[in-house]
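No experiment lies behind these values; they were computed from the predicted model shown. Naming: A, B, ... by sequence-line order, numbering from 1 per chain.
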There are 2 protein chains.
Amino acid sequence: MHDVVRRPTIIDVAKKAGVSKSTVSLVLQNSPLVRAETRSHVREAMAELGYVYNRAAANLRSSNAGLIGLVINDLRNPFFTQFATSLQMALSARGYAAVIANTDEDPTLQAQVVEAMIEHGVSAVIISSTYGENGGAFEALGRAGIPAMQVLRKTNAHVETFPFAGPDYLEGGRLATAHLLEQGAKHIAFVGGLQGRDVTRERMEGYLSVLQESELEPVVLTGRSSRSFGREMARRLEKEHPEVDAVLCFNDQVALGLLSGCAEIGRRVGRTFRIVGFDDIEEAAESWPPLTSVRCDIAGFGQSIAGTVLDWLENDKMPAPETRTPVTLMVRDSSNRDS
Amino acid sequence: MHDVVRRPTIIDVAKKAGVSKSTVSLVLQNSPLVRAETRSHVREAMAELGYVYNRAAANLRSSNAGLIGLVINDLRNPFFTQFATSLQMALSARGYAAVIANTDEDPTLQAQVVEAMIEHGVSAVIISSTYGENGGAFEALGRAGIPAMQVLRKTNAHVETFPFAGPDYLEGGRLATAHLLEQGAKHIAFVGGLQGRDVTRERMEGYLSVLQESELEPVVLTGRSSRSFGREMARRLEKEHPEVDAVLCFNDQVALGLLSGCAEIGRRVGRTFRIVGFDDIEEAAESWPPLTSVRCDIAGFGQSIAGTVLDWLENDKMPAPETRTPVTLMVRDSSNRDS
DNA sequence: GACAGAATTTGGAACGTTCTAATAAGAGAT
DNA sequence: ATCTCTTATTAGAACGTTCCAAATTCTGTC
């Protein structure tokens, strides 16, 4: 049975402590108006009755539910998981709870979950949106006047309304390509990432700009961003582009897949065939060989986004329309090993 | 600016549609009491005004927030991520939202987030709890009279109050060990998993029982359940237990780490050194060699838990105190390949 | 001991729903 | 036209907070 035992309310507490409900409310809000002695009486009464604060009721009157919505396009990808958990924990630490939803890259589903979050009275939404016809979600957010931030992927142009923050993918593409070049690679391929998406385009732009400077021919194999795609590409590269001696992957999933594909076909990875990933997920350091990767410090990014959004909420400090956080290159054996 | 434009309420809708707020409320609840024609008028008015349902207000009166709390000990582990996402999506599909929190195996943090969830008025909690002094969370749940289910890990003995559901770890341990034996392994080790924890004990029990039948000596190396631990164990096994020709790992993280450790020290994995993982996370099929693993169908499990909890909530159908879901063995090359 | 000003405390309306009990409208039957 | 059902609709009291304006209690001063 879970029939409720009727939770004590602010009024029960007031009665027990011999004060008015208004006073109890003030105590709840840590108001300096209430006398220290009274405060502690009230606190005692709350403890004795096992009082729990009812945010729904509070919200009804003052609307700040302490709920933040987090909408993620692919929560199964460790990159996003790490982002979501670090964000959630940072919010938790500041007294907010997170409603998290995975949209599986489905715009319709995304619109639904955003709608649901609005119903639940979230105070803000942080969204790594799907591509495609994703207008519904943003329209709903706009209509409801809920502060919303785009992260990791800029899929909606209205950055004045929905500010964007993400890693500097372009610079990452540059760094990685320059590194491979420096290591002596002569034919560098770019593998993975769906064509036409900003996240792909930016990385590729970095890659292309560096190649151009050194007058090398690009080899581009866009596609899904999954491990299995990466794995397939090992064979395909060997067959169709045997000259390629280095690969910049769209993300670590692709890179790890490629690594495993190379093991499968018996191709050594290191000095003769270099692989660089993107994102630097935790796992990158644990693969064999350990994966060189563009580090976005996704955990730190999550924390900082939490700060940004709460600042927006609490101090009405709107974030800049576009923020790019710096990236670095973690050089490991996959691009730099005797083989 | 995010100053609200005052959202239309049920009363605005009523005025617009020329009915009373009670009628609008009935429409909202799809009550058969209201005439079809009236219903569509009201619906139109809602659409025109851009009305959004305020669950906080509704909850205040009737207390079913449509919010489910999901507490996870290690959300960065893909096994739990896959569980959480499949559960969340199943809840979403039935009109519930999920408040998800990661506790990072910290009982104090866990108590905090559970408390926060209760404040937010969750209708139920699904918890894969930390070990250790985790009483606080359960006590709070009990006091609040909130239906709560333990999943994946049974850390609280009061299964009458907090029913448990999880995979049949014991059977998994048995299956895997029997498989290795069948393949001709002579010295099978068990690697990973913290000692003394139910989840470890059960798997190990399966392992030990099968070994006993065939009068083989067990080799047990418990420890963390991380990739890096698995990776370290490759070296350690080679040095301290060179006779070992097969390993059953506590989970896939350990197994994948071990796989990468073997690559590191140049030990071939397959017929001469067999590895079996546990959980069958998505990645297991993509490693090289592909990892044999005990499949818990975690995505299916997540969905079924969603069903169980909503059944409890909506139809007052309390789940059995303990449910074990069957496991199967996915045989892949890591235990069965020419090497 | 009265008075002003500061420090505390309080009553009551409001927030947007649900739900009960009561009312109104419609359809047959007399 | 009246009465009885049934079918639709509605008024108004909850729900547990917050917050304003007003009331009360303290302090110190004269």
> Can you tell which of C/dT17, C/dT9, C/dA13 lies closest to the side chain of A/K21?
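Nucleotide nearest to A/K21's side chain: C/dA13.
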> Under the salt bridge (Lys or Arg N to Asp or Glu O under 4.0 Å) criterion, do A/E115 and B/R55 qualify, and how do the steps go?
CA-CA 12 Å; A/E115 197 74 50; B/R55 277 172 190 266; over 6 Å; no
> Taking for each residue the nucleotide of DNA chain D with the nearest heavy atom, is it A/L26 or B/A57 whose nucleotide lies nearer the 5' end?
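Here B/A57 is the residue nearer the 5' end.
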> Classify the side chain of A/S20 versus the base of C/dG11 as yes if they form a donor-acceptor pair under 3.5 Å and no if they do not.
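No, the side chain and the base share no sub-3.5 Å donor-acceptor pair.
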> Stepwise, does the salt bridge (Lys or Arg N to Asp or Glu O under 4.0 Å) test hold for A/R76 with A/D104?
CA-CA 9 Å; A/R76 272 180 281 257; A/D104 248 0; 3.0 Å; yes
> Counting only heavy atoms not in A/K15, do more than 12 fall under 6.0 Å of its NZ?
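At most 12 heavy atoms, drawn from other residues, nucleotides or ligands, come within 6.0 Å of this atom.
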> Under 4.0 angstrom, heavy atoms only, what part of the nucleic acid is B/S25 near: base, sugar-phosphate, or nothing?
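Base, at least one base atom sits under 4.0 Å.
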> Reading DNA chain D in the 5' to 3' direction, which nucleotide is the first one with an atom under 4.0 Å from a heavy atom of chain A, and which is the last?
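Counting from the 5' end, contacts occupy D/dG16 to D/dC19.
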> Measure the distance from CD1 on B/I11 to C1' on C/dA14 and round it to the nearest whole Å.
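So the two atoms are 11 Å apart, to the nearest Å.
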> With a cut-off of less than 4.0 Å, is there a side-chain N or O of A/T23 near OP1 or OP2 of C/dT9?
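Checking A/T23 against C/dT9: no side-chain N or O falls below 4.0 Å of OP1 or OP2.
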> Among A/L75, A/V151, A/V71, which residue satisfies the side-chain contact (heavy atoms from CB on, under 4.5 Å) criterion with A/S128?
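Filter result, single survivor: A/V151.
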> Whole angstrom is fine here: how far is it from CG in B/N64 over to P in C/dT17?
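After rounding, the gap between these two atoms is 16 Å.
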> Nearest whole angstrom, please: distance from the P of C/dC19 to the CG of B/L28.
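It is 12 Å, rounded to the nearest whole Å.
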> Under 4.0 Å between a side-chain N/O of A/R35 and OP1 or OP2 of C/dA7, yes or no?
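Answer no for this pair, as no side-chain N or O of A/R35 is under 4.0 Å from OP1 or OP2.
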> Just the rounded figure in Å: distance from P of C/dT17 to NE2 of A/H120.
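From A/H120 NE2 to C/dT17 P: 14 Å.
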> Per the atom types in the model, does the base of C/dT18 pair as donor or acceptor with the side chain of B/R61 at under 3.5 Å?
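Per atom types, the contact qualifies.
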> Using heavy-atom distances to pick each residue's nearest nucleotide on DNA chain C, tell me which of B/S22 and B/N54 is more 5'.
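In this pair, the answer is B/N54.
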> Among side-chain atoms of A/S123 and A/N64, is any donor-acceptor pair under 3.5 angstrom?
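On atom types as modelled, these side chains qualify, holding a pair under 3.5 Å.
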> Rounded to whole angstroms, how far apart are CD on B/E37 and C1' on C/dA25?
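These atoms are roughly 14 Å apart.
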> Spell out, as yes or no, whether a donor-acceptor pair under 3.5 Å connects the side chain of A/S86 to the backbone of A/A299.
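Answer holds: yes.
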> Is it the case that the side chains of B/N102 and A/T85 hold a donor-acceptor pair, with the cut-off being a distance below 3.5 Å and no angle test?
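Note: A/T85 and B/N102 side chains miss the donor-acceptor criterion.
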